[in-house]
Amino acid sequence: MDKLLRLLSENSSYSTKELSMLLGDTEENINNSIKNLEKQGIIKGYRAVINWEDVQDSGVTAYIEMKVTPQRQTGFDEIAERVMSFEEVSSVYLMAGTYDLAVIVKGDTIQEVSSFVARKLSAMDGVLSTATHFILKRYKDDGVILSDNANDERCMQF
Amino acid sequence: MEYKNYLNETIMNVKPSGIRRFFDIVSEMDDVISLSIGEPDFKTPWHVRKAGIDSLENGKTWYSPNRGFKNLCQEISAFVDRKYSLTYDPESEVLVSVGGSEALDIAIRCIVNPGDEVLMHQPSFVCYEPLTMMCGATPVVIDTKEENSFRLTAQELESAITPKSKLLILSYPNNPTGAILRKEDLEALAEVVIRHDLIVISDEIYSELTYSGKHVSIATIPGMRERTVVINGFSKAFAMTGWRLGYAMGPKEIIAMMTKLHQYCIMSAPTVAQYAAIEALKNGDKDIEKMRNEYDMRRRLVVGTFNAMGLECFEPNGAFYCFPCIKSTGLTSEEFCTKLLSSKKVAIVPGNAFGDCGEGFVRVSYSYSLKHLKVALSRIKEFLEEL
């Protein structure tokens with residue numbers, strides 16, 4: 001993987017100067033690379049990694065398996081686009097395996113998410129079935145261990 | 001009881017490590033970011049740990065042969081050939097030891113007699129001087145200089161040689177400076193070593209961590225193989241410090257002597273570690289590469305940041321330390337480190353812990369995550385601004 005993208009995906013708050021030292025390149029080149037990646041839509045944005053586990057009233061998240069009927073011309077794309085247009089939906093993936101779409105839905109309460117699934121998702125044309133799983137606890141999110149208070153256990157030797 | 005009447009005089013006369021006191025303070029403080037640690041922050045690669053676990057599950061818990069498992073010696077021989085073009089017969093010229101440390105100890109003991117002079121350069125790792133004294137031999141310290149990139153020069157070596165000189169201990173890539181020796185430096189040193197008929201122990205424990213080209217071993221310089229013992233190990237290359245496994249390679253006459261001593265004082269290196277090490281040598285090249293790339297990024301960040309702060313920092317090309325000069329602050333190395341620790345909770349090591357000539361420098365280990373390094377560097381910056 002591109003080293004610049006790897007570094008930014010770990011910590012988007014690196015300054016250009018820090019990136020230039022880390023990568024052994026000039027600040028100008030780093031700036032140009034970042035601008036290009038933004039222009040190409042490879043870098044979509046910058047935001048904080050939040051440990052929602054420790055935030056009060058942060059709502060509920062459900063992981064939904066959907067079986068759907070692919071359309072003649074567009075395959076799964078059209079239905080995936082309809083699913084992702086709901087603002088309750090935070091991620092949509094096309095899957096290989098026993099179901100077709102994996103959908104992550106966020107809401108304030110279990111009732112709210114349930115009613116969204118029952119009234120909107122399941123009711124869509126082409127949806128054969130859904131299975132909803134509520135997330136109970138997050139241990140690691142997107143590469144970040146959320147309860148990471150690990151101490152440096154190394155001893156001081158020379 | 002008056003214990004000093006019962007204890008060994010030579011050991012009593014070995015100076016206790018001055019830095020221990022400082023380390024004790026650090027270990028009692030909370031929230032300290034320690035850039036004082038001399039070991040990888042990476043865990044041993046999983047497949048290597050798994051090989052150790054498998055050996056335990058299969059009940060392979062017996063002693064190994066004195067010199068180490070035959071297939072481990074073969075893998076070591078193949079590895080150093082592939083990496084450094086060193087050729088050693090696995091049956092007679094390789095010895096597996098408890099860390100590089102044991103190999104160093106027994107190599108020195110097998111070579112020197114009381115009264116011999118042992119040449120060693122500083123700043124360097126701290127064990128060469130006491131181990132030499134334990135043999136009743138005399139350490140002769142050569143100070144290396146920042147303006148020579150902390151390389152031992154042929155002239156410096158030549159001028160320290162006396163008729164009593166017998167052994168030179170070389171330690172590159174160097175802890176604490178990060179200095180390395182290039183082929184031309186080694187050739188110049190080899191010429192002096194051969195002319196004065198010296199033996200060399202070359203401690204190459206950081207040989208896999210070089211950032212400006214591949215490591216060159218002095219044993220590959222013509223005429224040197226027959227008079228060199230190369231010490232290496234698994235701790236730094238494979239992040240296996242706690243497994244305590246190293247090795248020595250050299251002419252079979254010296255290795256046979258060392259094996260005799262090893263047999264009496266150690267018997268054999270830990271079996272579980274040897275199984276893990278075989279896996280590391282066979283399938284660990286990618287792990288080394290990954291860790292080296294990570295260290296290299298950190299190295300550039302740390303060195304660049306120190307220079308930007310106005311603490312001039314010699315560019316280290318090996319190991320995982322940098323050695324900035326702090327003379328511009330007007331503080332001694334120990335004052336600098338103690339004040340930094342108490343006011344900003346960042347631990348680094350005073351340069352004089354590695355020899356008197358390290359005064360005016362501090363050792364900063366970049367063997368820690370970028371996240372921690374960034375925080376520590378910004379605290380050091382604040383510290384300098386408040387001075």
Side-chain angles (χ1 to χ4, degrees), chain A residues 1-34 36-37 42-43 45-55 138-158, chain B residues 17 19-20 22-27 30-43 99 101 123-127 175-176 211 235 239 241-242 293-294 296-308 321 347-349 353-354 363 365 367-374 377-378:
Chain A
M1 196 185 10
D2 184 283
K3 270 190 183 170
L4 174 61
L5 284 177
R6 201 208 87 189
L7 285 170
L8 286 174
S9 73
E10 286 168 1
N11 181 355
S12 63
S13 72
Y14 281 124
S15 67
T16 315
K17 190 171 173 54
E18 285 169 330
L19 289 169
S20 87
M21 289 191 280
L22 287 165
L23 298 168
D25 203 346
T26 64
E27 290 187 45
E28 198 190 343
N29 284 347
I30 301 279
N31 265 330
N32 287 337
S33 303
I34 292 176
N36 276 332
L37 288 163
I42 290 175
I43 294 179
Y46 303 87
R47 59 184 182 191
V49 178
I50 294 165
N51 178 5
W52 290 113
E53 280 298 301
D54 289 357
V55 179
R138 287 178 171 78
Y139 295 95
K140 186 175 183 182
D141 230 357
D142 225 0
V144 179
I145 295 174
L146 299 176
S147 55
D148 196 7
N149 297 316
N151 284 323
D152 190 359
E153 291 173 30
R154 294 174 297 164
C155 298
M156 294 213 197
Q157 310 283 358
F158 285 94
Chain B
S17 147
I19 196 65
R20 199 70 253 175
F22 183 69
F23 283 2
D24 290 342
I25 303 172
V26 176
S27 64
D30 290 330
D31 305 323
V32 173
I33 299 185
S34 180
L35 306 187
S36 62
I37 302 223
E39 67 179 314
D41 59 316
F42 299 105
K43 295 186 179 100
S101 303
S124 76
F125 181 56
V126 294
C127 80
N175 168 13
Y211 311 105
S235 294
T241 45
N293 286 336
E294 197 64 30
D296 194 16
M297 275 203 299
R298 299 170 180 183
R299 175 182 73 103
R300 286 189 300 250
L301 177 75
V302 172
V303 173
T305 308
F306 271 110
N307 282 321
Y321 310 103
I348 55 175
V349 184
F354 306 94
R363 187 190 79 171
S365 164
S367 171
Y368 213 175
S369 74
L370 282 173
K371 192 171 123 190
H372 290 97
L373 288 174
K374 264 187 66 140
L377 288 169
S378 68

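Letters A, B, ... are given to chains in the order of the sequence lines, protein chains preceding strands, and every chain is numbered from 1. As the structure is a computational prediction, the values presented were derived from the model and not from experiment.
- Between the side chain of Arg154(A) and the backbone N or O of Glu39(B) there is at least one donor-acceptor pair closer than 3.5 Å.
- Proximity to chain A (any heavy atom under 4.5 Å) is shown, for Asp41(B), by both the backbone and the side chain.
- Proximity to chain B (any heavy atom under 4.5 Å) is shown, for Leu19(A), by neither the backbone nor the side chain.
- Expressed to the nearest 0.5 Å, how far CG of Leu22(A) lies from CG of Leu370(B) amounts to 5.5 Å.
- By the neighbour-count criterion of 12 heavy atoms within 6.0 Å, atom OH of Tyr46(A) is densely surrounded, having more than that number from other residues, nucleotides or ligands.
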> Passes salt bridge (Lys or Arg N to Asp or Glu O under 4.0 Å), Lys43(B) versus Glu153(A)? Steps please.
Replying inline: CA-CA 11 Å; Lys43(B) 295 186 179 100; Glu153(A) 291 173 30; over 6 Å; no
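- For chain A, the option among Met297(B), His372(B), Arg300(B) with the highest count of heavy-atom pairs below 4.5 Å is Arg300(B).
- Of all the heavy atoms in Ala308(B) and Lys17(A), the pair that sits closest is CB-CE, 4.3 Å.
- For Ser365(B), no part lies near chain A; criterion is any non-hydrogen pair under 4.5 Å.
- For a residue to count as touching a neighbouring chain, one of its non-hydrogen atoms must lie under 4.5 Å from one of that chain's; by this rule Ser369(B) does not touch chain A.
- Counting heavy atoms from C-beta outward, Asn11(A) and Lys371(B) have side chains that stay 4.5 Å or more apart.
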